[in-house]
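Quick caveat, the model's predicted, so the values are computed rather than measured.
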Amino acid sequence: MIELPLAYIKEMASQIIFISVFLGGFSATILGTLILSQNSNKILKKLIVSTSLSAMSFIVTVFTMVQLVMLSIPGYPIETSYEDIMLPRIIGIVAFFIGLLSLIFVVSISGWLQSRKLGIVTTTIGIIGLILVLISTVSIKG
């Protein structure tokens with residue numbers, strides 16, 4: 001495994017924090033709207049569970065990435081080794097992708113609340129989005 005410089009890890013963690021705060025807020029807003037909905041069918045329950053998972057995953061990501069930023073700041077009072085940052089880094093990245101996937105799932109099945117036709121459209125949009133996210137993630141070299 002390549003050992004990344006702390007400055008790089010700090011900058012990546014900062015960027016992931018910004019993205020996670022935005023998407024976590026978006027997920028929490030959707031969750032609040034869904035909970036207040038008067039409808040109680042199976043699809044709505046799946047949407048509520050998925051948005052809860054998404055919001056919580058982004059919250060976990062923010063806290064683990066803040067820990068990475070703190071550990072990688074020059075002048076941190078305790079010496080930081082590469083092993084010290086591995087656990088928060090892994091937890092943060094896994095939580096970020098769980099949040100992202102569950103948010104894509106929410107977008108994908110949201111149309112099914114209205115109609116079959118709209119459900120097919122939103123599912124197609126979600127699948128295309130997932131493919132593009134996977135392609136862009138895999139295409140990062142290094």
Side-chain angles (χ1 to χ4, degrees), residues 1-37 39-115 117-142:
M1 181 181 270
I2 299 172
E3 192 168 315
L4 301 171
L6 285 179
Y8 178 79
I9 291 171
K10 178 183 169 286
E11 186 58 35
M12 287 304 300
S14 296
Q15 295 302 315
I16 292 172
I17 289 169
F18 294 133
I19 295 167
S20 297
V21 166
F22 173 75
L23 294 177
F26 186 71
S27 297
T29 302
I30 293 171
L31 178 61
T33 304
L34 292 174
I35 288 175
L36 294 176
S37 174
N39 196 345
S40 65
N41 62 25
K42 285 175 133 181
I43 294 173
L44 184 68
K45 290 177 184 175
K46 288 178 183 177
L47 285 170
I48 290 172
V49 169
S50 188
T51 53
S52 298
L53 177 62
S54 179
M56 189 51 60
S57 295
F58 287 126
I59 289 169
V60 169
T61 301
V62 168
F63 279 93
T64 57
M65 292 298 149
V66 165
Q67 183 179 10
L68 282 180
V69 169
M70 289 185 334
L71 290 171
S72 60
I73 290 175
Y76 184 71
I78 301 169
E79 188 171 333
T80 304
S81 69
Y82 195 69
E83 290 77 32
D84 294 335
I85 63 171
M86 280 307 284
L87 184 61
R89 188 172 154 207
I90 290 169
I91 292 171
I93 291 170
V94 169
F96 179 78
F97 279 105
I98 289 171
L100 192 59
L101 292 174
S102 59
L103 192 55
I104 290 172
F105 179 76
V106 168
V107 170
S108 298
I109 67 169
S110 62
W112 294 97
L113 286 172
Q114 295 296 317
S115 68
K117 194 175 198 178
L118 189 57
I120 291 169
V121 171
T122 58
T123 300
T124 303
I125 291 168
I127 290 170
I128 291 169
L130 176 63
I131 290 169
L132 292 174
V133 166
L134 292 175
I135 289 171
S136 68
T137 305
V138 171
S139 69
I140 298 173
K141 295 192 171 43

So, for [X] and [Y], which heavy atoms are closest and what is the spacing to 0.1 Å?
{"X": "Ser50", "Y": "Val106", "answer": "OG-CG2, 3.4 Å"}
{"X": "Lys10", "Y": "Val69", "answer": "O-CG2, 3.9 Å"}
{"X": "Ala55", "Y": "Gly24", "answer": "CB-O, 4.3 Å"}
{"X": "Gly119", "Y": "Thr122", "answer": "O-OG1, 3.2 Å"}
{"X": "Ile98", "Y": "Ser57", "answer": "CG2-OG, 3.3 Å"}
{"X": "Leu100", "Y": "Val133", "answer": "CD2-CG1, 3.8 Å"}

Mind checking what makes side-chain contact (heavy atoms from CB on, under 4.5 Å) contact with [X], not counting sequence neighbours?
{"X": "Thr33", "value": "none"}
{"X": "Phe22", "value": "none"}
{"X": "Val49", "value": "none"}
{"X": "Leu87", "value": "Ile91"}

Run the side-chain hydrogen bond (donor to acceptor under 3.5 Å, both in side chains) test against [X] and tell me which residues pass, sequence neighbours left out.
{"X": "Ser54", "result": "Ser27"}
{"X": "Ser108", "result": "none"}
{"X": "Asn41", "result": "none"}
{"X": "Gln15", "result": "Glu11"}

[X] side, atom [atom1]; [Y] side, atom [atom2] - distance, nearest 0.5 Å:
{"X": "Gln67", "Y": "Ser72", "atom1": "CD", "atom2": "OG", "result": "10.5 Å"}
{"X": "Ser52", "Y": "Leu31", "atom1": "OG", "atom2": "CG", "result": "4.0 Å"}
{"X": "Phe96", "Y": "Ile19", "atom1": "CZ", "atom2": "CD1", "result": "5.0 Å"}
{"X": "Trp112", "Y": "Leu118", "atom1": "CH2", "atom2": "CG", "result": "9.5 Å"}
{"X": "Arg89", "Y": "Asp84", "atom1": "CZ", "atom2": "CG", "result": "13.0 Å"}
{"X": "Ile85", "Y": "Thr64", "atom1": "CD1", "atom2": "OG1", "result": "12.0 Å"}

Next item on the list: With the side chain counted from C-beta on, respond yes when Thr137 and Phe97 share a heavy-atom pair under 4.5 Å apart, and no when they do not.
Entry: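 Heavy-atom side-chain distance check passes, below 4.5 Å.
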Check: Where do Leu47 and Lys42 land on the side chain to side chain contact (heavy atoms under 4.5 Å, CB included) test, with the steps shown first?
Finding: CA-CA 9 Å; Leu47 285 170; Lys42 285 175 133 181; over 6 Å; no
Item checked: Ser20 side chain vs Ile17 backbone, donor-acceptor pair below 3.5 Å -> no
Margin query: Apply side chain to side chain contact (heavy atoms under 4.5 Å, CB included) to residues Val21 and Phe58 and explain how you reach the verdict.
Written below: CA-CA 7 Å; Val21 166; Phe58 287 126; over 6 Å; no
Expected list for residues 125-132: side-chain donor-acceptor pairs under 3.5 angstrom, two or more places apart:
none

Note to self: Would Leu44 and Ser37 count as a side chain to side chain contact (heavy atoms under 4.5 Å, CB included) here? Give the steps.
What the structure shows: CA-CA 9 Å; Leu44 184 68; Ser37 174; 3.9 Å; yes
